[in-house]
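Report on one structure; see the data block that follows.
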Amino acid sequence: MAGLAVAARAFSASASAGAGGVAMVQGASRGIGLEFVRQLLRRSDQGRVVATCRAPASAAELQKLKEEHAPGRLTVLPLDVTDESTIEAAAASIGETHGSLDLLINSTGILSIPNVIQPETTLSKVQKSSLLLAYEVNAVGPILVIKHMWPLLKVGGRSETGRGFSLVANMSARVSSIGDNGLGGWHSYRASKTALNHDEDSVSRAWQEGQHCLHSATSRNRGH
């Protein structure tokens with residue numbers, strides 16, 4: 001969680017400069033994503049937060065948070081990481097409303113869904129459908145979100161904004177480590193999170209080559 005704590009502190013610092021920072025939490029309807037929305041709103045009375053989830057109308061906790069804060073502090077948008085058109089639409093909406101992003105947190109991830117996907121305890125339980133679904137949600141989805149938010153993050157990272165950098169935080173996991181895998185199993189989840197780590201490294205290098213101010217953070221020690 002150290003890397004994501006850095007993300008929250010970075011947003012707080014950016015919010016204190018100028019008119020306030022803009023943070024996006026992808027996968028915010030429950031769990032750690034929802035808690036990030038709460039903490040970001042608490043840490044700054046100026047910063048604005050964009051929370052995305054598949055079904056905003058049924059995200060009761062997000063709607064409650066929106067009512068508890070001043071108009072414009074929290075925006076809730078529909079986004080499904082398995083549907084790129086919703087990612088593109090969310091980026092367009094954020095661009096129109098805010099014009100930039102300072103912080104992006106990708107928190108969506110799946111390990112198990114009853115009757116759909118379960119952690120594989122033996123190789124014989126590995127199924128193609130589980131592998132593909134885990135990759136789509138845990139690895140493909142976050143990189144597509146970064147792709148469409150990239151122009152907004154570049155604006156947020158320009159020095160003239162008064163912040164000097166933008167930050168992307170992805171929810172990785174220690175089980176994604178190849179060197180630290182002493183037990184095996186969980187094939188779909190492990191492999192998809194390892195893919196996410198490589199995607200993040202590649203994005204970070206691309207940003208450096210383009211001389212954009214991007215920092216990346218992961219949720220735990222990823223290993224190698």
Side-chain angles (χ1 to χ4, degrees), residues 3-15 17-44 46-56 59 61-63 65-66 69 72-109 137 141-158 161 163 165-172 196 199-200 203-204 207 212-219:
L4 292 178
V6 171
R9 289 197 299 271
F11 177 73
S12 297
S14 72
V22 182
M24 172 182 167
V25 181
Q26 181 271 119
S29 62
R30 58 192 178 92
I32 195 169
L34 177 61
E35 186 59 26
F36 260 100
V37 174
R38 288 197 183 100
Q39 294 300 322
L40 288 166
L41 289 168
R42 289 174 184 169
R43 282 173 177 265
S44 169
Q46 297 182 35
R48 293 156 290 167
V49 180
V50 179
T52 70
C53 60
R54 288 181 296 173
E61 291 297 320
L62 281 179
Q63 297 300 335
L65 282 174
K66 185 176 180 179
H69 290 82
R73 288 292 318 282
L74 175 60
T75 303
V76 184
L77 297 176
L79 189 154
D80 182 343
V81 293
T82 66
D83 183 348
E84 189 173 1
S85 66
T86 67
I87 303 172
E88 187 174 10
S93 179
I94 296 169
E96 182 177 346
T97 303
H98 301 295
S100 66
L101 274 178
D102 302 277
L103 169 64
L104 167 62
I105 298 176
N106 277 311
S107 67
T108 293
V137 175
I143 194 68
L144 290 177
V145 173
I146 296 171
K147 166 191 168 182
H148 288 286
M149 302 303 159
W150 182 297
L152 299 170
L153 288 160
K154 286 195 292 184
V155 175
R158 290 175 183 165
T161 64
R163 289 174 282 274
F165 67 91
S166 55
L167 190 147
V168 174
N170 293 314
M171 291 297 296
S172 186
L196 173 62
D199 281 343
E200 179 182 305
V203 168
S204 182
W207 234 292
H212 303 301
C213 296
L214 168 76
H215 295 281
S216 61
T218 50
S219 60

Hey, what do you get for CG (L77) to CD1 (I87), rounding to the nearest 0.5 Å? 12.5 Å

Determine the minimum heavy-atom distance between R73 and G47, stating which atoms define it. NE-O, 2.7 Å

Would you say the side chain of Q63 lies within less than 4.5 Å of the side chain of V76, judging by non-hydrogen atoms? yes

Compare every heavy atom of V37 with every heavy atom of A51, then report the nearest pair and how far apart it is. CB-CG2, 3.9 Å

Using 0.5 Å steps for rounding, measure from the CZ atom of R48 to the OG atom of S100. 7.0 Å

For residues L34 and L65, determine if any side-chain heavy atom of one lies less than 4.5 Å from a side-chain heavy atom of the other. yes

Nearest 0.5 angstrom please: I32 CD1 to I105 CD1, how far? 8.5 Å

Does the pair V81 and N106 meet the rule for a side chain to side chain contact (heavy atoms under 4.5 Å, CB included), with working shown? CA-CA 10 Å; V81 293; N106 277 311; 5.8 Å; no

Search all heavy atoms of V25 against all heavy atoms of S107 and return the closest pair with its distance. CG1-OG, 4.2 Å

Short side-chain to backbone donor-acceptor contact, T75 and V50, under 3.5 Å: no

What residues form a side-chain contact (heavy atoms from CB on, under 4.5 Å) with R42, not counting sequence neighbours? E35, R38, Q39

What's the verdict on side chain to side chain contact (heavy atoms under 4.5 Å, CB included) for L101 and S166, showing C-alpha distance, side-chain angles and the deciding distance? CA-CA 7 Å; L101 274 178; S166 55; over 6 Å; no

Point-to-point distance, once rounded to the nearest 0.5 Å, from CZ of R30 to CG of L62: 12.0 Å

Here the gap from D83 atom CG to E88 atom CD, rounded to the nearest 0.5 Å, amounts to 10.5 Å

Can you give the donor-acceptor pairs under 3.5 Å from side chains of residues 90-97 to other protein atoms, not counting sequence neighbours?
| unit_1 | atom_1 | unit_2 | atom_2 | d |
| --- | --- | --- | --- | --- |
| T97 | OG1 | S93 | O | 3.1 |

For A28 and C53, which heavy atoms make the closest approach, and how far apart are they? N-CB, 4.4 Å

Treating S29 as the side-chain partner and A59 as the backbone partner, does any N or O pair qualify as donor plus acceptor under 3.5 Å? no

With a 4.5 Å limit on heavy-atom distance, are the side chains of I146 and N170 in contact? yes

Pair L167-D102, side chain to side chain contact (heavy atoms under 4.5 Å, CB included): steps then yes or no: CA-CA 6 Å; L167 190 147; D102 302 277; over 6 Å; no

Residue pair M149, Q26: steps toward the side chain to side chain contact (heavy atoms under 4.5 Å, CB included) verdict: CA-CA 11 Å; M149 302 303 159; Q26 181 271 119; over 6 Å; no

Could you measure the distance from the CG atom of L79 to the OG1 atom of T86? Nearest 0.5 Å is fine. 4.5 Å

